[in-house]
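So the structure is just underneath, and the comments pick up after that.
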Number of protein chains: 2
Amino acid sequence: MDNERREEAVTILRKAGFRATEPRLLVLSFLQNAKYPVSIQEIVAGMGNKSIHQVTVYRILHALKHAGIVTQVDFRHGRSYYELRDEQHDHHHIVCVKCGRVEDFVGCDYERLAAKALKQARGFATIVSHSLELFGMCNTCSKRKVRAA
Amino acid sequence: MDNERREEAVTILRKAGFRATEPRLLVLSFLQNAKYPVSIQEIVAGMGNKSIHQVTVYRILHALKHAGIVTQVDFRHGRSYYELRDEQHDHHHIVCVKCGRVEDFVGCDYERLAAKALKQARGFATIVSHSLELFGMCNTCSKRKVRAA
DNA sequence: AGTGTACTTGCAACTCATTTGCATCTAGAA
DNA sequence: TTCTAGATGCAAATGAGTTGCAAGTACACT
């Protein structure tokens, strides 16, 4: 991990009231480098020579999630995936049902959606979060499917 | 189960190429009467004197899901919930993060969303499904929270 | 820089949803 | 009524995620 990133990670942790421990810095660094949400297993496997126990990764992610530093998403793979929270863009994911490939998209129009939902669900006072995933077929798998048919 | 409903369930099953067995009819009936998505455990518990093995319920729901008769949703409770698919309305759910209460809402504007996403995710050819859940606080829990604060 | 303590980690064992193998059973076609 | 592919029940396995506890360490305070 380069020093700049490391310092950034230390700051993030301290601000949230966490100690800047080695396992936490490693997990944060891994998330910073990840292009798409990663699973606990991928994080553990990606630690290389510096091994972190799986339980520790669970606990770290649980804490970071509560602190609003990471978000958890469900791709219907029977496990959770995590990524750093992007405060600028409320982005979501589109997942290939064949190969699991993931891409981002923005524009879910959350404000309008929440307002519309609250108007219909009279028993609800507020909306605090949302989850949205699209499932589709990537170009590669799409071609393969046509050929196979 | 009244006979009308039962006949309807038999028809649904036969049309999808399934045998109209007692466990399947019971599960379908349970789903027809449910106001909101139910878990496997709720289904098993709700069978009363006619017990169905949990594994059987899993297999039935798996089959019905593939046949497009039921849909599976994730309320972040660590288990899946199922409901009959509503072909007329593409509805979604708003879930109370405190007590688990659920209400429906419509108007996710799926067509527009899918088109927008496909324009951004250049690696994807088609979108086949989507999941959307809102998480909030119901009126009761909302009041309770304020009082506690 | 040294020390103490509250916060962290690692390990083992556990919980709980979901899946699988297999023997038995049965819906519905012949 | 008979036959058989498809269903079910039971037991055991799988795998994600959690918990209790002893040992380790970041960092606040000398």
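Just the heavy atoms: all of them, side chains too, but no hydrogens, waters or symmetry mates, feed the values below. In the text below, chain A, chain B and the rest are named by the order of the sequence lines, each starting its count at 1.
Among all heavy-atom pairs drawn from B:Ala121 and A:Ile94, the shortest one is CB-CG2, 3.7 Å.
Across the protein-nucleic acid pair, A:Gln54 atom CD and C:dG10 atom P stand 12 Å apart, rounded to whole Å. Between B:Lys50 atom NZ and D:dT8 atom P there is a gap of 15 Å when expressed in whole angstrom units. Rounded to whole angstrom, the span from the CD atom of A:Glu22 across to the P atom of D:dT25 amounts to 11 Å. In this structure, B:Leu64 places its CG atom 15 Å from C1' of D:dT8, rounding to the nearest Å. Atom NE2 of B:His77 is separated from atom C1' of D:dT18 by 18 Å (rounded to the nearest Å). Rounded to whole Å, the distance from CD1 on B:Ile52 to C1' on C:dC25 is 15 Å. Distance CD (A:Glu42) to P (D:dG15): 16 Å, rounded to an integer number of Å. Atom CG of B:Leu13 and atom P of C:dG28 are 9 Å apart (whole Å).
With distances taken from any side-chain atom of B:Ile60 to the nucleotides C:dG28, D:dT8, C:dG10, the minimum falls on D:dT8. For A:His53, whose side chain is taken as the heavy atoms from C-beta onward, the closest listed nucleotide among C:dG28, C:dG10, D:dT8 is C:dG10. Among the nucleotides C:dT8, D:dA7, D:dC10, the one closest to any side-chain atom of A:Thr21 is C:dT8.
Under a 4.0 Å N-O distance rule, the pair B:Glu103/A:Lys119 does not qualify as a salt bridge.
Mapped onto DNA chain C by nearest heavy atom, A:Arg24 and B:Arg79 fall at different nucleotides, with A:Arg24 at the one closer to the 5' end. Residue whose closest nucleotide on DNA chain C sits further toward the 5' end, between A:Phe18 and A:Val55: A:Phe18. Of the two residues near DNA chain D, B:Ser51 and A:Tyr58, the one whose nearest nucleotide lies more 5' is B:Ser51.
Residue pairs meeting the ring-ring contact (aromatic ring centres under 6.0 Å, His included) criterion with at least one member in residues 3-50 of chain A, sequence neighbours excluded, do not occur.
Residue B:Thr56 places no side-chain N or O under 4.0 Å from the OP1 or OP2 atom of D:dA7.
Residue B:Gln41 is in sugar-phosphate contact alone, with no base atom involved, counting any heavy-atom pair closer than 4.0 Å across all strands shown. Within the 4.0 angstrom heavy-atom criterion, no nucleotide atom of any strand lies near B:Ser39.
Counting distance only, with no hydrogens placed and no angle test, the side-chain atoms of A:Arg19 and the base atoms of C:dA6 include a donor-acceptor pair under 3.5 Å. Side-chain to base pairing of A:Arg59 with D:dG17: no donor and acceptor N or O lie closer than 3.5 Å to each other.
Crowding of B:His66 atom NE2: a count of heavy atoms from other residues, nucleotides or ligands under 6.0 Å not exceeding 12.
There is no side-chain donor-acceptor pair under 3.5 Å between A:His91 and B:Gln120.
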